[in-house]
Amino acid sequence: MNHVIIYTDGACKGNPGPGGWGVLLRSGAVEKELWGGEAETTNNRMELTAVIEALKALKRPCRVSLYLDSEYVRKGITEWMPGWKAKGWRTASRQPVKNVDLWQRLDALVQGSGHQIEWRWVRGHAGDPGNERADALANRGVP
């Protein structure tokens, strides 16, 4: 299995407002940058979209070290999702899960990809070179 290092980030100018997402993928000496955005969105939607787009870019099962500065996404995928699914995509307080469309897409990608993913949180805007590049790409994606 190839080892791929991924950095993802989302950005939003206003929340909601115009937003962007950015991805830096590294495998050995090869790097790839991805970015995009939406005219009216939220920061959390852009954080989720960045991870989805990163995983969609992988063409075969990989061992993935995925670095993100969003505790919302990291905890959502590693802690909260099993409970949401068991409750029919509802929170502990029986409210519909926000951004359920993106969470379901991410869940399908993670479950159906064959990837071995290690979810690693990194402090945003703290000088981590990969996170800083993902942040710059996310800002490039803002329309």
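Since we're looking at a predicted model, the values are computed, not measured.
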Can you sort out the partners of [X] under side chain to side chain contact (heavy atoms under 4.5 Å, CB included), two or more places apart, ordered by chain and number?
X: R94; result: none
X: W84; result: W80, M81, W89, T91, V97, W103
X: P16; result: E40, T42

Is the shortest heavy-atom distance from the side chain of [X] to the side chain of [Y] under 4.5 Å?
X: N2; Y: R60; answer: yes
X: E47; Y: D9; answer: yes
X: W21; Y: V23; answer: yes
X: M46; Y: E38; answer: yes
X: L102; Y: V51; answer: no

Out of curiosity, does [Y] fall in the hydrophobic cluster containing [X] (side-chain heavy atoms, cut-off under 4.5 Å, transitive links)?
X: Y67; Y: L34; result: no
X: V73; Y: W35; result: no
X: L66; Y: V122; result: no
X: I117; Y: I5; result: no

Listed by chain and number, what are the side chain to side chain donor-acceptor pair (under 3.5 Å) partners of [X], not counting sequence neighbours?
X: K32; result: none
X: N99; result: R45, Y72
X: N44; result: none
X: R74; result: E71

Which residues pass the salt bridge (charged side-chain N to carboxylate O under 4.0 Å, His left out) test with [X], not counting sequence neighbours?
X: D107; answer: K85
X: R63; answer: none
X: E132; answer: none
X: E31; answer: R26, R133

>> By the definition side chain to side chain contact (heavy atoms under 4.5 Å, CB included), identify the one residue from T8, V110, L109 that meets it with I52.
In response: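 With I52 as partner, side chain to side chain contact (heavy atoms under 4.5 Å, CB included) holds for just one option, L109.
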Closest approach of [X] to [Y] (non-hydrogen atoms, all atoms of both residues):
X: A11; Y: N139; value: CB-OD1, 3.8 Å
X: L25; Y: V4; value: CD2-CG1, 4.3 Å
X: P18; Y: P143; value: CB-O, 4.1 Å
X: I6; Y: A54; value: CG2-CB, 3.7 Å
X: W119; Y: L106; value: CH2-CD1, 4.5 Å
X: L137; Y: L24; value: CD1-N, 4.4 Å

From [X] [atom1] over to [Y] [atom2], what is the distance, rounded to the nearest 0.5 angstrom?
X: I77; Y: S70; atom1: CD1; atom2: OG; value: 11.5 Å
X: E118; Y: T78; atom1: CD; atom2: OG1; value: 12.0 Å
X: K98; Y: L48; atom1: NZ; atom2: CG; value: 13.0 Å
X: S113; Y: L55; atom1: OG; atom2: CG; value: 6.5 Å
X: H3; Y: Q116; atom1: NE2; atom2: CD; value: 10.0 Å

> Would you say the side-chain atoms of N15 pair up with the backbone N or O of N43, donor to acceptor, closer than 3.5 Å?
Replying inline: yes
> Ignoring hydrogens and geometry, is there a side-chain-to-backbone donor-acceptor pair from D135 to N131 under 3.5 Å?
Replying inline: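 Flag not set: sc D135 to bb N131 has no pair under 3.5 Å.
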> Which salt bridge (Lys or Arg N to Asp or Glu O under 4.0 Å) pairs, counting each pair once, include a residue from residues 48-57, with sequence neighbours left out?
Replying inline: E53-K56
